[in-house]
Novice: 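After the structure tokens below, expect a handful of questions from me.
The chains referred to below are lettered A, B, ... by the order of the sequence lines, with proteins before strands, and numbering in each begins at 1.
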Number of protein chains: 2
Amino acid sequence: MFRGNHPTRVDEKGRLKVPAEFKRVIDEKYGQQFYITSLDGKVAQVYPFEEWERIEQKLAGLSNFNPTKKKFLDRTNYYGQQVEMDGQGRLLLPQLLRESGQIKGEVAVLGNLTYLVVRNLELFKREIEEDKFTPEDEKTLDELGI
Amino acid sequence: MFRGNHPTRVDEKGRLKVPAEFKRVIDEKYGQQFYITSLDGKVAQVYPFEEWERIEQKLAGLSNFNPTKKKFLDRTNYYGQQVEMDGQGRLLLPQLLRESGQIKGEVAVLGNLTYLVVRNLELFKREIEEDKFTPEDEKTLDELGI
DNA sequence: AAGATGTGGGAGAAAGTGGTTGAAAGTGGC
DNA sequence: GCCACTTTCAACCACTTTCTCCCACATCTT
């Protein structure tokens, strides 16, 4: 399971260094193959290939004419690419995603249990500053006892 | 199995360079023959010939008077052509399809498991931007645990 | 200080591109 | 119906660009 935030950088060739913390989890549980995609073009989602296959299996249960399935696959196909980790533990991010999400230079790599999320650090920071907690948010958290 | 998006271009002669990633899969599992067709004229579907034959076999099980079969064959015959990959790994796209789907210049080649989908990159991008996820879509995905 | 982690860059291989030539198919006239 | 001309197409060749792999150095951590 991936957890937490490890800031790192994407070099000029578009290679993402997988933080050592996450690398350990990968070496333990997964292979070298990944599926990198996105739903919105803003953040890259990095799935160990085994995890992505599980999602495909779940989708397989839906009709091909299900509009949600179509939208989901259109997006993930548009942004997606299967990539292999190199000997230095780096992943080449698809060019389309680097451009649309400005995923270059300083980025945040966030653990999201079964997959990793990569996003431009500066944009992330700005989003957090702008998206304040509302009273409803606080109420929701209260009810959960957080 | 074909997966993900590999943007490429169709040259002035209408030749599609098969992205190396997909080429590897083809060399491994299939021959040099393809059947290129479409159901809507907007996107080209590129089947390794062996896969297309499987579809034909499935259709063979239906009556010739089945209206769905008739429509399907009318369309795929209208757009379809059998083509062979050249020594440089390129496929000549049927002219009809190049025109009706504006499949020229920058295109996306999308893996769709057993076949490839080719579509104009700009049109694809526009479609994704316009076709937003609705709250119902999110609910459906939630229920699947995605 | 030594090992582990992160970074950059260069050489060679692979992928991608464009053009030319010869063959084949199509067309029209005799 | 046959022949000759025209046009299109497919195969091949050669060049350019990109990418991948690997090496070496820098920096951080224990």
Side-chain angles (χ1 to χ4, degrees), chain A residues 2-28 31-36 44 46 49 80-99 103-111 116 118 120-121, chain B residues 2-28 30-36 44 46 49 79-99 103-111 116 118 120-121:
Chain A
F2 304 111
R3 253 177 277 269
N5 175 5
H6 292 270
T8 183
R9 51 189 331 284
V10 173
D11 70 20
E12 286 182 3
K13 289 180 174 178
R15 297 177 299 191
L16 170 81
K17 175 76 182 159
V18 177
E21 180 81 13
F22 294 141
K23 180 81 163 39
R24 265 186 287 276
V25 178
I26 290 162
D27 288 343
E28 194 180 302
Q32 305 296 301
Q33 299 291 326
F34 294 81
Y35 192 71
I36 303 182
V46 179
F49 197 68
Q81 261 178 34
Q82 186 174 347
V83 302
E84 187 169 347
M85 193 158 55
D86 75 10
Q88 276 77 255
R90 292 179 290 201
L91 295 171
L92 184 65
L93 299 174
Q95 185 149 12
L96 220 52
L97 259 174
R98 275 183 269 152
E99 289 165 5
I103 301 173
K104 51 193 169 187
E106 303 297 321
V107 298
V109 183
L110 307 159
L116 300 173
V118 186
N120 179 297
L121 194 56
Chain B
F2 304 110
R3 246 180 281 269
N5 178 4
H6 292 270
T8 185
R9 51 191 332 285
V10 172
D11 70 18
E12 288 180 2
K13 289 180 177 177
R15 297 179 298 191
L16 170 81
K17 175 79 181 155
V18 177
E21 183 81 14
F22 294 141
K23 180 82 163 37
R24 266 186 286 275
V25 179
I26 290 163
D27 289 344
E28 197 179 300
Y30 302 109
Q32 305 297 301
Q33 299 291 326
F34 293 82
Y35 190 69
I36 303 181
V46 180
F49 198 69
Y79 292 111
Q81 262 177 30
Q82 184 174 350
V83 302
E84 187 170 346
M85 193 160 54
D86 75 10
Q88 277 75 252
R90 292 179 292 201
L91 295 171
L92 184 66
L93 298 173
Q95 186 148 11
L96 214 54
L97 263 174
R98 275 183 269 154
E99 289 164 5
I103 301 173
K104 52 192 169 188
E106 303 295 322
V107 298
V109 183
L110 307 161
L116 300 174
V118 186
N120 180 297
L121 191 58

Novice: Say you draw a straight line from CG of B/Leu91 to CD1 of B/Ile26; how long is it, rounded to the nearest 0.5 Å?
Specialist: 7.0 Å

Novice: By ring pair (Phe, Tyr, Trp, His ring centres under 6.0 Å), which residues pair with B/Tyr79, not counting sequence neighbours?
Specialist: none

Novice: Any side-chain heavy-atom pair from B/Val46 and B/Ile36 closer than 4.5 angstrom?
Specialist: yes

Novice: 5' to 3' on DNA chain C, which nucleotides open and close the contacts with chain A (atom under 4.0 Å from a heavy atom)?
Specialist: C/dT5 to C/dG10

Novice: Using heavy atoms and a sub-4.0 Å distance, could you list which residues of residues 21-28 of chain B are near DNA chain D? By number, please.
Specialist: none

Novice: Side-chain contact test, heavy atoms from C-beta onward, threshold under 4.5 Å: evaluate it for B/Met85 versus B/Lys23 and give yes or no.
Specialist: yes

Novice: Taking ring pair (Phe, Tyr, Trp, His ring centres under 6.0 Å) as the test, write out the residues that go with A/Phe34, two or more places apart.
Specialist: none

Novice: Who are the ring pair (Phe, Tyr, Trp, His ring centres under 6.0 Å) partners of A/Phe2, not counting sequence neighbours?
Specialist: A/Phe22

Novice: For the helix from C/dA1-D/dT30 to C/dC30-D/dG1, what is the angle between the axes at its two ends, each from 5 pairs, rounded to 10°?
Specialist: 30°

Novice: If the condition is side chain to side chain contact (heavy atoms under 4.5 Å, CB included), which residues does B/Glu99 pass it with, not counting sequence neighbours?
Specialist: B/Gln95

Novice: So, taking the atom named CG in A/Leu110 and the one named CG in A/Asn5, what distance separates them when rounded to the nearest 0.5 Å?
Specialist: 4.5 Å

Novice: Restricting to side chain to side chain donor-acceptor pair (under 3.5 Å), what partner residues turn up for A/Glu84, sequence neighbours left out?
Specialist: A/Gln33

Novice: Once salt bridge (Lys or Arg N to Asp or Glu O under 4.0 Å) is applied, do any residues pair with B/Arg9, and if so which ones, sequence neighbours excluded?
Specialist: B/Glu106

Novice: Which donor-acceptor pairs under 3.5 Å do side chains of residues 14-21 of chain A form with protein atoms, sequence neighbours excluded?
Specialist:
residue : atom : partner : partner atom : Å
A/Arg15 : NE   : A/Asp11 : OD2          : 2.8
A/Arg15 : NH2  : A/Asp11 : OD2          : 3.0
A/Lys17 : NZ   : A/Gln88 : O            : 2.6

Novice: I want to confirm an ordering. Mapping A/Thr8 and B/Lys17 to their closest nucleotides on DNA chain C, which one lands closer to the 5' end?
Specialist: A/Thr8

Novice: Applying salt bridge (Lys or Arg N to Asp or Glu O under 4.0 Å), which residue pairs with at least one partner in residues 87-96 of chain A are found, sequence neighbours left out?
Specialist: A/Asp86-A/Arg90

Novice: Closest approach of B/Leu116 and B/Gly111, non-hydrogen atoms and distance?
Specialist: CD2-CA, 4.0 Å

Novice: Nucleotide by nucleotide, 5' to 3', does protein get under 4.0 Å of the base (B), only the sugar-phosphate (S), or neither (-) in nucleotides 12-30 of chain D, counting heavy atoms?
Specialist: BB------BBBB-------

Novice: NA contact type, B/Val18, heavy-atom cut-off 4.0 Å: base, sugar-phosphate, or nothing?
Specialist: sugar-phosphate

